[in-house]
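All of these numbers come straight from a predicted model, not from anything done at the bench. Proteins get letters first, then strands, A, B, ... in listed order; numbering begins at 1 in each.
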2 protein chains.
Amino acid sequence: MNLNNPSFTIFYSIEEAIKAYRKLSLRKIETVIPDITVDQALVLQLINEEKLTQTEIADLIFKDYASMSRIIALMIKKDFLLKETDKNDGRVSILKITKKGESALKQLVPIINQNRKTALEGLTSEELENLKKMLNKITQNSKK
Amino acid sequence: MNLNNPSFTIFYSIEEAIKAYRKLSLRKIETVIPDITVDQALVLQLINEEKLTQTEIADLIFKDYASMSRIIALMIKKDFLLKETDKNDGRVSILKITKKGESALKQLVPIINQNRKTALEGLTSEELENLKKMLNKITQNSKK
DNA sequence: TATCTTTGTTTGATATATCAAGTACTATGA
DNA sequence: TCATAGTACTTGATATATCAAACAAAGATA
């Protein structure tokens with residue numbers, strides 16, 4: 001039977017966990033910046049930490065390039081980002097954080113860190129290492 | 001720093017694993033039934049195993065009721081399901097699997113089981129128990 | 001019975017996921 | 001230098017995620 005099948009429940013525990021965490025993140029984030037999504041907040045943080053192209057960001061956080069293109073477009077529309085064309089390579093976009101983006105970021109960073117802490121409360125670093133190892137095994141198995 | 005932060009990597013290992021698994025599932029499923037999605041295949045399987053309302057299915061697999069409504073509508077459009085109104089409660093829909101749905105199901109069940117086996121290869125049942133426990137902890141932490 | 005609340009489902013709006021196709025620019029080899 | 005291939009990104013189409021609002025039927029209550 002399906003519903004009590006351990007293989008079934010693993011994947012739905014994964015889905016459940018990630019959905020619960022995303023919901024927590026959204027709730028906390030919208031208390032400080034109402035018009036930003038969880039993904040957009042993360043992208044903002046990544047661009048702030050390193051100069052990255054859209055493609056590089058997409059690869060980092062496992063997003064499709066098409067999705068990344070639309071996420072960036074919305075962030076520009078909402079005035080969190082600016083886009084310029086790279087002078088050395090006309091295909092590449094340089095992403096810059098606006099004033100509004102910077103101010104949002106200042107408020108977001110502590111919230112994001114707190115969310116992770118909240119979600120991982122009670123898990124030791126060995127447990128987390130283990131969790132990551134098992135998840136990576138599932139990823140590798142799935143890529144064959 | 002963010003990218004090497006263990007808290008960061010945990011959540012992205014989770015996303016990576018679930019995305020890799022979904023991609024594997026889709027690839028295998030589309031070899032037998034090209035016009036069905038991973039979610040739709042799962043819904044078909046659940047309806048086959050138990051008589052469930054849309055709301056119950058949604059709760060089981062952590063879907064929003066709105067999403068479930070649309071998934072069901074598409075499955076009806078593609079002739080995998082039929083919907084009738086419950087005679088005892090005019091709000092409730094009774095979902096029935098069509099001939100096409102039944103025939104699809106026969107081909108899908110072994111594929112779905114094989115996908116899970118593939119993805120979990122090399123993980124012992126103790127490890128899986130542990131994995132589930134940690135994921136459930138993250139879920140509970142996130143729900144506060 | 002008339003009103004109010006709850007329940008099961010749907011619809012609209014916006015964001016993201018995925019595939020396929022398209023655009024623009026760059027690099028490479030004949 | 002010209003044709004071809006590759007790279008970075010965009011766009012269209014369809015599916016799903018999420019919130020808010022709507023709707024119809026059922027149940028509860030005055």
Given C:dT9, D:dA15, D:dT11, the nucleotide with the shortest approach to the side chain of B:T55: C:dT9

Given B:T139, B:I14, B:I18, the one that forms side-chain contact (heavy atoms from CB on, under 4.5 Å) with A:E15: B:I18

Per A:D89 side chain, nearest of listed nucleotides C:dT9, C:dT26, C:dA17: C:dT26

Touch class at under 4.0 angstrom, heavy-atom based, for B:K83 against every strand present: sugar-phosphate

5'-most by nearest nucleotide on DNA chain C - A:G90 or A:D64: A:D64

Under-4.0 Å side-chain N/O to phosphate OP1/OP2 contact, B:S93 with C:dG8: no

Sugar-phosphate only, base, or nothing, as touched by A:K77 at under 4.0 Å among non-hydrogen atoms: nothing

Any donor-acceptor N/O pair, A:S25 side chain to A:V38 backbone, under 3.5 Å: no

Phosphate contact (C:dT26 OP1 or OP2) by A:K87 side-chain N/O below 4.0 Å: no

Among C:dT16, D:dC9, D:dT16, the one nearest A:D39 by side-chain distance: C:dT16

5' priority, DNA chain D, between A:Y65 and A:E15 [closest heavy atom]: A:Y65

Phosphate OP1/OP2 of D:dA17 contacted by B:K63 side-chain N/O (<4.0 Å): yes

Nearest-nucleotide 5' precedence on DNA chain C, A:D86 against A:I71: A:I71

Candidate nucleotides D:dC9, C:dA15, C:dA20, ranked by approach to the side chain of A:A66 - the nearest: C:dA20

Which nucleotide in D:dA17, D:dG12, D:dT10 has an atom nearest any side-chain atom of A:K19: D:dA17

Upstream residue (5' side of DNA chain D) when A:V92 and A:L26 are each assigned their closest nucleotide: A:V92

A:D35 backbone acceptor or donor facing A:K78 side chain under 3.5 Å: yes

Same cluster (ILVMFWY, side-chain, under 4.5 Å), B:I57 and B:I94: no

Sugar-phosphate only, base, or nothing, as touched by B:I72 at under 4.0 Å among non-hydrogen atoms: nothing

Sugar-phosphate only, base, or nothing, as touched by A:R22 at under 4.0 Å among non-hydrogen atoms: nothing

Spacing of B:I18 atom CD1 relative to D:dA17 atom P, expressed in whole Å: 11 Å

Separation of D:dA8 C1' from A:I94 CD1 (nearest whole Å): 12 Å

Polar side-chain atom of B:T85 near backbone of B:G90 as donor-acceptor pair, under 3.5 Å: no

For atom CD of A:E56 and atom C1' of D:dC9, their distance in whole Å: 13 Å

C:dT7 base / B:R91 side chain donor-acceptor hit below 3.5 Å: yes

Sugar-phosphate only, base, or nothing, as touched by B:S67 at under 4.0 Å among non-hydrogen atoms: base

